[in-house]
Amino acid sequence: MKRSPYLHDFGVSERHVVLIDHPLRLNGAAMLFSNRSLIEHHRWEPEQGTYLRLLDRQSGRWTTYETDTCFCFHSVNCFDDGEDVVFDFLAYDDASVIAALGTEALASGQYPGLTPRYLRARLRPGGGRVALEPLSSQGFEFPAIAYRQQHGQPYSVVWGASFAATSWQSQLVRVEGERVRHFEEEHMIFGEPIFVPRPHGDSPTDGVILSVGCHQNEPLSSLVILEAEQMVPIAHCELELCLPLGFHGNFQAR
Ligand SMILES: [Fe+2]
């Protein structure tokens, strides 16, 4: 590539890697004598096209697919399906979300609104044009799946956090097509949910969701533990301090 796209995430299946070559591209030479941030050296150039680049991990061969103009932070899952590769991701119509997450916009009191579309691309052998199929009308960010058991495999359930453009309060969502379950608490901003499977659970999605939330006005934070299927709280761990929204989370069993 002459101009690298802004690359936040990518898809990996057993046999393939999928890169999102969306048209927010880096002008690297301009960084040489600049004191501006990395992101300010990217330009939105939709006329340059939007592509998915498929790498065969064994042969090292690349196949290119052209698709609709979009901008993506996060992939959801990626799996091989016979000769096809299925790539699911969250897409915005353009890259304006980056400015909306900038300090200037946030300091002026605007809410960014993080409700990208949940889309599927089916990459068939040979490349060409690929249509994007919506998997749900629920928009959300920070996707989490039952990673240990379903990453790289067919799956149907994803969790996420949804931020409307009208408030900082967020909703945690469990999305299975149009079957959506929500959890929210007044004044609380919850970030990325993390799925922790139940040891020897009944199904791959049997377990709990962990998410850290921050109160909008008070110095209070809370780790909420939800039953992952019903999205009902089992416990809270409350802290009398601010843990600002940090977007991503991790869980490590000890
Ligand atoms: Fe991220």
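This structure is a prediction, so every number in the text was calculated from the model and none was measured.
- Remark: side-chain polar atoms of Ser162 are paired, donor with acceptor, to backbone N or O of Gly139 under 3.5 angstrom.
- A donor-acceptor pair is defined here as one N or O able to donate and one able to accept, closer than 3.5 Å; no such pair exists between the side chain of His236 and the backbone of Glu238.
- Judged by distance alone, the side chain of Asp81 and the main-chain N or O of Asp84 form no donor-acceptor pair under 3.5 Å.
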Using side chain to side chain donor-acceptor pair (under 3.5 Å), reason through Tyr92 and Glu141 one step at a time and then give a plain yes or no. CA-CA 10 Å; Tyr92 298 85; Glu141 257 297 357; 2.7 Å; yes
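- Under the 4.0 Å criterion applied to side-chain N and carboxylate O atoms, Arg198 and Asp202 are not assigned as salt-bridge partners.
- Within a 6.0 Å sphere centred on CD of Gln58, heavy atoms belonging to other residues, nucleotides or ligands number 12 at most.
- For the pair Val173 and Arg181, the minimum side-chain heavy-atom distance is 4.5 Å or more.
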Could you please spell out the steps behind the side chain to side chain donor-acceptor pair (under 3.5 Å) verdict for Glu186 and Gln169? CA-CA 7 Å; Glu186 208 178 357; Gln169 188 173 315; over 6 Å; no
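- A 6.0 Å sphere centred on CD of Glu14 holds no more than 12 heavy atoms belonging to other residues, nucleotides or ligands.
- Looking at Leu7 and Leu19, their side chains come closer than 4.5 Å, going by heavy atoms from C-beta outward.
- Contact annotation: the side chain of Leu123 approaches that of Val130 to within less than 4.5 Å [non-hydrogen atoms, C-beta and beyond].
- Formation of a donor-acceptor pair under 3.5 Å by the Asp9 side chain with backbone atoms of Ser75 is found in this model.
- Residues His248 and His74 have side chains that bring a donor and an acceptor to within less than 3.5 angstrom of each other.
- A distance of 12.0 Å separates CZ of Phe10 from SG of Cys72, quoted to the nearest 0.5 Å.
- No continuous path of ILVMFWY side-chain contacts below 4.5 Å connects Val12 to Phe79, so the two sit in separate hydrophobic clusters.
- No side-chain donor-acceptor contact under 3.5 Å links Asp21 to the backbone of Leu52.
- Salt-bridge formation is detected for the pair Arg3/Glu45: a Lys NZ or Arg NE/NH1/NH2 atom is positioned less than 4.0 Å from an Asp or Glu carboxylate oxygen.
- Side-chain contact between Val76 and Arg120 is absent, with no heavy-atom pair separated by less than 4.5 Å.
- Panel note: side chain Trp159, backbone Ala228; a donor-acceptor pair is recorded below 3.5 Å.
- A donor-acceptor pair under 3.5 Å is absent between the side-chain atoms of Ser221 and the main chain of Cys214, judged by distance alone.
- Linking Ile, Leu, Val, Met, Phe, Trp and Tyr whenever their side-chain heavy atoms come within less than 4.5 Å puts Leu210 and Leu243 in one cluster.
- Taking hydrophobic clusters as Ile, Leu, Val, Met, Phe, Trp and Tyr residues chained together by side-chain heavy-atom distances below 4.5 Å, Phe190 does not share a cluster with Ile225.
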Before you tell me yes or no, could you show the steps for Leu24 and Arg43 under side chain to side chain contact (heavy atoms under 4.5 Å, CB included), namely the whole-Å CA-CA distance, both residues' side-chain angles and the distance that decides it to 0.1 Å? CA-CA 5 Å; Leu24 185 71; Arg43 243 179 295 166; 5.8 Å; no
For a side chain to side chain contact (heavy atoms under 4.5 Å, CB included) check, start with the C-alpha distance between Thr50 and Glu66, then their side-chain angles and the critical distance, and finish with the verdict. CA-CA 6 Å; Thr50 298; Glu66 188 167 14; over 6 Å; no
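- Here ring-ring contact (aromatic ring centres under 6.0 Å, His included) pairs that include residues 39-69, with residues two or more places apart or in two chains, are Tyr6-His42.
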For the pair Ile98 and Ile39, evaluate side chain to side chain contact (heavy atoms under 4.5 Å, CB included) and give the outcome as yes or no after the intermediate values. CA-CA 8 Å; Ile98 289 185; Ile39 197 69; 3.6 Å; yes
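- The hydrophobic cluster containing Ile189 also contains Phe73, counting ILVMFWY residues as joined when their side-chain heavy atoms lie under 4.5 angstrom apart, directly or transitively.
- Counted within 6.0 Å of CZ on Arg61, heavy atoms from surrounding residues, nucleotides or ligands total 12 or fewer; the atom is thus considered open.
- Between Asp68 and Arg117, none of the side-chain N atoms (NZ, or NE/NH1/NH2) sits under 4.0 Å from a carboxylate O, so this pair counts as no salt bridge.
- Taking 4.5 Å as the limit, every side-chain heavy atom of Gln153 sits out of range of all side-chain heavy atoms of His151.
- Checked by atom type, the side-chain pair Glu178/Ser137 shows a donor-acceptor distance below 3.5 Å.
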As a quick check of understanding, evaluate side chain to side chain donor-acceptor pair (under 3.5 Å) for Glu176 and Ser156, giving each step before the final call. CA-CA 6 Å; Glu176 188 173 12; Ser156 58; 3.3 Å; yes
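- Side-chain contact between Ile194 and Ser211: absent, with no pair of heavy atoms (C-beta onward) separated by less than 4.5 Å.
- A single hydrophobic cluster is not seen to contain both Leu172 and Val175; linkage of ILVMFWY side chains at heavy-atom distances under 4.5 Å, directly or through other members, places them apart.
- Taking 4.5 Å as the limit, every side-chain heavy atom of Tyr147 sits out of range of all side-chain heavy atoms of Asn77.
- With contacts defined as side-chain heavy-atom distances shorter than 4.5 Å, the pair Glu185/Phe183 qualifies.
- Of the charged side-chain nitrogens involved, at least one lies within less than 4.0 Å of a carboxylate oxygen, so that Glu229 and Arg174 count as a salt-bridged pair.
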Determine, stepwise, if the pair Leu119 / Leu135 fulfils side chain to side chain contact (heavy atoms under 4.5 Å, CB included). CA-CA 6 Å; Leu119 301 175; Leu135 292 179; over 6 Å; no
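- Heavy atoms only, all atoms of each residue included: Pro112 and Ala100 are closest at CB-O, 3.8 Å.
- Looking only at atom types and distance, the side chain of Ser108 has a donor-acceptor partner in the side chain of Gln110 under 3.5 Å away.
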